[in-house]
Amino acid sequence: MRAEPQDFSRVLSSMCTEPHPVAREAAEAFLATNPGDPGTYQTVAELETDAVDALGEIVGLDDPHGYVASGGTEANIQAVRAARNLAATEDPNVVLPESAHFSFRKAAGLLGVELRTAPVDDDYRVHVDAVTELADADTALVVGVAGSTEYGRVDPLDALADVADDAGALLHVDAAWGGFVLPFTDREWRFDHVDADTLTIDPHKMGCAAIPAGGFLTRSPEVLDALAVDTPYLESTDQATLTGTRSGAGVASVVAALEELWPEGYREQYVRAQNNADWLADALAERGYDVVEPELPLVAADVPPTLFDRLREEGWRISRTGAGELRVVCMPHVTREMLESFVADVDALRRTVSTGD
Ligand SMILES: Cc1ncc(COP(=O)(O)O)c(C=O)c1O
């Protein structure tokens, strides 16, 4: 094969990043292992327990249960599946913010669950009153986002926990992207502060593990029991994951990355990323663009479509929010130098766009 993967020097839109060298090495070493068959692949199965314990520590969960999923999509699907399986209704629904990741739409389609979408306020956080109104006796799950995909916002999780409680539903917190940065902000978001039942936290995003490495966590073993099916032909007796055979590469790389980076490495990474996001937000605001304040290291700015298209032609990998804003995710591979070069291109191109050259 002749193909080479892209390098990251112009990638500003991705929520994944270059794996840390130790994570890459661990992934390569465990490429031919299958934690889906833990009786046979025992070392990687033990590593998965370490990975879940370490992820539990990040979110402040003493006795975490869960597994290393293929990503946030699988973890979110599993949260919906567990809630549906545990719900005492024939007609379950899930109440979630309009800012929730599109993986919940896949979950709803697969699982035959109704989605009830609550609007967000002017600061992109879900309206708790709307969630309260939408929740009823058939609500199996209430979803809150801790680090939304488009604006990096955190929903009022405590209030959502109360709504879920009143409705007799589970609360799922989607911290797929935010999970590795929120512990270093001054937010009270930890699992032990918010009465969440399940949580998504993806090491292959801000955790610098190799893809595929998502995290599905729960405080209660019953949630995993609700997902488990019997596995007659394997050495183990049941399986709670959505996929069967799955790569041990992700599992090993999670353990390696966490051993290397938790907590100080991730703290430094967050500070660098946040400073970069603040710098870029200021630079774009100074040039007259409306910028959404980056509470976490993610910048959205109202840049004209023609300029956006020219930047893409220059090779910048950038994306748009649903509302059409330029969206830049300050992942660990995004350096200040890269952003300076990006802003220099903004300056050069906006002149040609305005003069029509
Ligand atoms: C908040 C959130 N949840 C879930 C996902 C889905 O994760 P994955 O692409 O790893 O399946 C994403 C992806 O960006 C996300 O931002």
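These numbers come from a predicted model, not from an experiment. Indexing begins at 1, ligand by ligand and atom by atom, following the structure's order.
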Please could you name the atoms of ligand 1 that Gly71 approaches to less than 4.0 Å, counting only its heavy atoms? 10 (O), 11 (O)

Residue, atom and distance of the protein heavy atom nearest atom 3 (N) of ligand 1 read Asp174 OD2, 2.6 Å

Test of proximity, Gly72 against ligand 1: N or O pairs below 3.5 Å: yes

Need the ligand 1 atom indices (1-based, order shown) with element for anything under 4.0 Å from a heavy-atom of Thr73. 6 (C), 7 (O), 8 (P), 11 (O)

Regarding Arg153 and Asp122, does a basic nitrogen lie under 4.0 Å from an acidic carboxylate oxygen? no

Hey, is Glu74 one of the residues with a heavy atom under 4.0 angstrom from ligand 1? no

Modelled atom types, side-chain donor and acceptor of Gln78 and Arg81, under 3.5 Å: yes

From CZ (Arg219) to CG (Asp197), nearest 0.5 Å: 7.0 Å

Can a side-chain donor-acceptor contact be found between Arg350 and Tyr289 if the only test is distance below 3.5 angstrom? yes

Backbone or side-chain N or O of Thr149 under 3.5 Å from ligand 1 N or O: yes

Asn76 heavy atoms within 4.0 Å reach ligand 1 at atoms 3 (N), 4 (C)

Between Tyr151 and Glu325, do the side chains contain a donor N or O and an acceptor N or O under 3.5 Å apart? yes

If we set the cut-off at 4.0 Å for heavy atoms, which region of Thr200 has an atom near ligand 1: side chain, backbone, both, or neither? neither

Write out the residue and atom name of the closest protein heavy atom to atom 6 (C) of ligand 1, then the distance separating them to 0.1 Å. His101 CE1, 3.3 Å

So CG of Leu171 and OG1 of Thr198: to nearest 0.5 Å the spacing works out to 7.0 Å

Option whose closest heavy atom lies nearest to atom 10 (O) of ligand 1, chosen from Lys205, Glu150, Lys106: Lys205

Mutual orientation of the aromatic rings belonging to Trp316 and Phe342 [parallel < 30°, tilted 30-60°, perpendicular > 60°]: perpendicular

Please determine whether side chain to side chain contact (heavy atoms under 4.5 Å, CB included) holds for the pair Val329 and Trp177, giving the CA-CA distance in whole Å, both sets of side-chain angles, and the decisive distance to 0.1 Å. CA-CA 10 Å; Val329 193; Trp177 178 73; 3.7 Å; yes

Enumerate the atoms of ligand 1 whose separation from the nearest heavy atom of Ala176 is less than 4.0 angstrom. 2 (C), 3 (N), 4 (C)

Enumerated ligand 1 atoms positioned under 4.0 Å from heavy atoms of Met15: 14 (O), 16 (O)

Tell me whether the rings of Phe8 and His333 are parallel (<30°), tilted (30 to 60°) or perpendicular (>60°). tilted

Ligand 1 atoms in contact with His204 (distance to a heavy atom under 4.0 Å): 10 (O)

Under a 4.0 angstrom heavy-atom cut-off, which atoms of ligand 1 come close to Asp202? 7 (O), 10 (O)

